[in-house]
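Per chain, numbering begins at 1; letters A, B, ... match sequence-line order. All values derive from a computational prediction rather than experimental measurement.
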Number of protein chains: 2
Amino acid sequence: MLELRHLRTLTALHETNSVSLAAKRVHLTQSALSHQIKALQTHYGLPIIQRRGQSIELTEAGKCLVSLSGKVLEEIQATERDLARISQQTSGSLRIALECHTCFDWLMPIMDAFRQHWPEVELDLVSGFHSDPIKLLEEGGADVVIGSECQKQRGIVHHSLFRFEILAVLAPEHALRGKRILQATDFADVTLITYPVPEERIDLIRKVLKPAGIYPQRRTAELTVAILQLVASHRGIAALPSWGIKSYVDHDYVIARRIGANGLWSNLYASTLKETASRPYFRDFLTTARNACFATLEGIIPLE
Amino acid sequence: MLELRHLRTLTALHETNSVSLAAKRVHLTQSALSHQIKALQTHYGLPIIQRRGQSIELTEAGKCLVSLSGKVLEEIQATERDLARISQQTSGSLRIALECHTCFDWLMPIMDAFRQHWPEVELDLVSGFHSDPIKLLEEGGADVVIGSECQKQRGIVHHSLFRFEILAVLAPEHALRGKRILQATDFADVTLITYPVPEERIDLIRKVLKPAGIYPQRRTAELTVAILQLVASHRGIAALPSWGIKSYVDHDYVIARRIGANGLWSNLYASTLKETASRPYFRDFLTTARNACFATLEGIIPLE
DNA sequence: GCATGATTATGAATATCATTCATTAATAAT
DNA sequence: ATTATTAATGAATGATATTCATAATCATGC
């Protein structure tokens with residue numbers, strides 16, 4: 001018989017077009033999803049998915065169930081908000097500190113929705129640069145830190161968001177355009193365009209260039225668009241999340257290249273104090289953020 | 001985590017105001033529901049039900065979840081209809097034979113809804129009296145028989161609908177009005193008003209009067225209202241399902257009395273051929289009928 | 001008031017069934 | 001061809017919902 005877990009699986013399948021990726025998304029194994037799918041198919045006597053070579057595609061029946069899933073899961077979320085309201089756990093503060101500037105891109109619409117749903121929660125972005133953002137939580141300067149840190153620390157909980165690839169961004173006519181994959185040495189003689197944060201917070205430098213002993217020139221800009229403009233006008237190369245530059249790449253404004261054979265990957269977490277983690281409005285924020293990211297951002301992978 | 005089974009349970013609780021009755025409704029034990037409820041309550045940190053002496057009441061949180069349940073379960077049913085449409089198992093015939101005339105009362109609105117949902121299914125009521133209605137199924141004269149028979153028979157499936165009480169119906173000023181419970185002997189000198197069907201199909205006669213050797217006068221009428229009119233004008237006593245006379249009793253048009261210490265009870269089944277049982281439109285009809293009956297008719301009890 | 005019958009709650013045992021594990025089959029890329 | 005991914009499958013496992021047995025709670029009748 002149909003259960004909510006099937007619906008959750010269906011949406012994941014729909015958004016990933018892959019059984020194994022969808023499995024990660026719902027924190028199960030690929031095998032579990034295969035079994036679920038098979039059970040559904042025999043139950044309804046209809047194929048739900050169709051193999052299309054490597055990836056899969058949803059059949060008409062599958063899409064039917066996905067659209068059901070969308071409606072149902074939203075209604076459940078809404079009801080759970082109502083329940084929080086009844087238990088009067090509806091107010092508090094959610095001040096978000098961002099470690100990575102690009103995250104503004106996907107965070108904005110989520111914050112708008114959040115304000116609608118939790119009018120009594122004081123929602124804010126913590127501005128300015130902070131050398132140790134996790135410290136902000138303990139000091140009471142922020143309630144959530146969105147960053148790549150996930151060291152175990154008493155009193156702190158790290159909620160996984162997703163894994164994403166950082167790509168090198170070049171002008172379309174750049175000399176390196178011929179290479180499919182860039183190596184550390186390719187950065188020796190270029191200017192690196194970054195956000196105005198210290199070296200150790202730039203993954204490309206910390207994980208790739210520094211180990212190779214390469215220290216390129218740097219130039220900074222505050223906004224993603226500004227960085228891309230500099231790149232497009234041949235002032236240098238940037239390294240940005242794949243989803244942050246997608247639309248610019250699609251419009252041939254810039255081109256993107258993998259860094260290293262396996263690519264340069266980074267993880268994103270939403271870290272909070274233990275007490276914040278159990279607040280209904282934070283749980284709602286978290287699931288909304290995850291759903292929105294997986295639905296909107298291409299090329300991201302679930303963590304754990 | 002919330003699952004559909006919880007929602008199904010919630011609606012059952014809402015409609016019965018009793019854990020044990022709700023348990024029967026969803027074909028589980030009372031204990032299972034108690035555990036489910038407890039799990040939900042600890043999960044949301046809110047009480048879902050409240051004991052009110054013998055019965056229970058839903059709290060605000062409970063009602064919240066019930067209204068969710070209503071929406072969600074309907075959407076699922078609708079989607080499952082769509083799936084049937086995709087698998088093209090959407091046409092056929094559903095000719096319904098009624099063993100008990102009173103069933104018109106609840107069947108009518110269900111048939112109307114059914115026509116909307118399954119326009120390609122030929123829906124009909126098989127008219128006239130039939131001595132052996134189950135035979136109609138084998139002969140191909142009907143697709144569903146709604147009656148109280150449930151003898152095992154190869155090729156036939158009996159789908160339980162509900163259990164209900166048959167009450168004696170009297171004029172408010174009737175001589176027997178003082179008795180809370182009527183016995184077989186009380187029927188010795190009265191006229192029994194029934195539908196125009198043979199004795200063996202009238203539960204009161206078959207189960208109560210015949211065993212006691214009592215054969216009262218009989219008078220027949222085609223329609224329930226006609227029977228009640230005769231009762232109200234002192235032409236005799238009738239024996240009808242509790243839910244069939246509720247509104248008349250509520251308006252003091254007639255009064256109702258239990259027959260025998262434990263009451264006279266009867267079961268209702270929807271019987272079909274095995275092949276009909278698996279048709280999506282029949283399954284939809286069945287769940288709709290059950291839901292509608294349990295939601296509308298008071299005093300009925302789930303079977304099995 | 002006490003006993004009785006009916007209802008709900010609870011803890012331990014059980015059974016069910018979803019999930020994982022270990023493999024195989026299928027597909028794409030080098 | 002070979003290797004690397006991905007999906008499918010059957011058996012083993014593990015989690016957990018359900019039942020069983022029982023206690024607690026509450027109305028009702030005597």
Side-chain angles (χ1 to χ4, degrees), chain A residues 1-10 12-43 46-59 62 163 165 180-181 258 261-263 265 299 301-302 304, chain B residues 1-10 12-43 46-59 62 163 165 180-181 258 261-263 265 299 301-302 304:
Chain A
M1 184 163 259
L2 189 70
E3 279 295 348
L4 289 178
R5 113 185 69 95
H6 297 123
L7 297 184
R8 291 187 238 273
T9 297
L10 260 303
L13 283 171
H14 173 66
E15 284 169 3
T16 57
N17 284 322
S18 146
V19 179
S20 33
L21 285 182
K24 286 197 183 133
R25 189 123 161 44
V26 295
H27 303 295
L28 289 173
T29 59
Q30 167 267 124
S31 177
L33 290 222
S34 260
H35 283 295
Q36 279 192 12
I37 295 166
K38 198 186 178 190
L40 278 180
Q41 294 188 146
T42 56
H43 182 247
L46 279 168
I48 305 286
I49 62 170
Q50 210 174 9
R51 290 196 65 159
R52 280 184 74 78
Q54 285 287 42
S55 65
I56 55 149
E57 203 183 29
L58 288 175
T59 62
R163 183 172 179 76
E165 186 171 5
R180 295 204 39 204
I181 293 171
R258 171 159 283 192
N262 299 316
W265 293 80
I301 294 177
E304 281 154 321
Chain B
M1 183 162 264
L2 188 71
E3 279 295 348
L4 288 180
R5 110 186 74 94
H6 297 123
L7 297 185
R8 293 187 238 273
T9 297
L10 259 304
L13 283 171
H14 174 66
E15 283 168 5
T16 56
N17 284 322
S18 147
V19 179
S20 34
L21 285 182
K24 286 196 185 133
R25 191 125 157 43
V26 295
H27 303 294
L28 289 173
T29 59
Q30 166 268 126
S31 177
L33 289 222
S34 259
H35 283 294
Q36 278 192 13
I37 295 165
K38 198 185 177 190
L40 278 181
Q41 294 189 146
T42 56
H43 182 246
L46 279 168
I48 305 287
I49 61 169
Q50 210 174 9
R51 288 195 67 159
R52 280 184 74 77
Q54 286 287 40
S55 65
I56 56 152
E57 203 183 31
L58 288 176
T59 62
R163 183 173 178 76
E165 186 171 4
R180 295 202 41 203
I181 292 171
R258 170 161 284 193
N262 299 317
W265 293 81
I301 293 178
E304 283 156 322

Using the 3.5 Å cut-off, write out each protein N or O paired with an N or O of nucleotides 2-5 of chain D and the distance between them.
none

task: Answer whether the closest heavy-atom distance between the side chains of Leu40(A) and Thr9(A) falls below 4.5 Å.
output: no
task: Could you list by number each residue of residues 1-9 of chain B showing a heavy-atom separation from DNA chain C of less than 4.0 Å, or answer none if no residue does?
output: none
query: What is the 5' to 3' range of DNA chain C, first to last nucleotide, that sits under 4.0 Å from any heavy atom of chain A?
result: dA18(C) to dA28(C)
- line: Between the CD1 atom in Ile48(B) and the CD atom in Gln36(B), the distance rounded to the nearest 0.5 Å is 11.5 Å
All pairs passing salt bridge (charged side-chain N to carboxylate O under 4.0 Å, His left out) where residues 19-36 of chain B contributes a residue, at least two apart: Glu15(B)-Arg25(B)
- line: What residues 26-33 of chain A contributes to the DNA chain C interface at heavy-atom separation below 4.0 Å is Leu28(A), Thr29(A), Ser31(A), Ala32(A)
field: Nearest-angstrom distance from the residue atom CG of Leu21(A) to P of dT6(D)
entry: 7 Å
query: Taking side chain as C-beta onward, heavy atoms only, is Leu21(B) less than 4.5 Å from Leu13(B)?
result: no
query: Do any N or O atoms from the side chain of Gln41(A) and from the backbone of Pro47(A) form a donor-acceptor pair under 3.5 angstrom?
result: no
query: Roughly, in whole Å, what's the span from CG in Asn17(B) to P in dC26(D)?
result: 18 Å
- line: The side-chain contact (heavy atoms from CB on, under 4.5 Å) partners of His14(B) (sequence neighbours excluded) come to Leu58(B), Val66(B)
query: Is there a donor-acceptor pair under 3.5 Å between the side chain of Ser20(B) and the backbone N or O of Gln30(B)?
result: no
query: With a 4.0 Å cut-off on heavy atoms, is Ser18(A) in touch with a base, just the backbone sugar-phosphate, or nothing at all?
result: sugar-phosphate
- prompt: For Ser20(A), which contact category applies under a 4.0 Å heavy-atom criterion: base, sugar-phosphate, or nothing?
  reply: sugar-phosphate
message: Measuring from the side chain of Ser34(A) (C-beta onward, heavy atoms only), which nucleotide among dA7(D), dT18(D), dG10(D) has the closest atom?
response: dA7(D)
field: Separation of dA17(D) C1' from Ile37(B) CD1 (nearest whole Å)
entry: 14 Å
Validation: residues 49-57 of chain A side-chain donor-acceptor distances under 3.5 Å, sequence neighbours left out:
none

task: Would you kindly give the NE2-to-C1' distance between His35(B) and dA23(D), to the nearest whole Å?
output: 13 Å
task: Take atom CD of Gln36(A) and atom C1' of dA7(D), then tell me their distance rounded to the nearest Å.
output: 15 Å
message: Distance check, rounded to the nearest 0.5 Å: Lys38(A) atom NZ versus His43(A) atom NE2?
response: 15.5 Å
- request: Applying side chain to side chain donor-acceptor pair (under 3.5 Å), name anything that partners Arg258(B), two or more places apart in sequence or on another chain.
  value: Glu165(B)
Non-hydrogen side-chain atoms of Met1(B) and Arg8(A) separated by less than 4.5 Å: yes
field: Backbone N/O of Ala32(A) and side chain of His35(A): donor-acceptor pair under 3.5 Å
entry: no
field: Validation row: Ile37(B), Leu10(B) side chains within 4.5 angstrom (heavy atoms)
entry: no
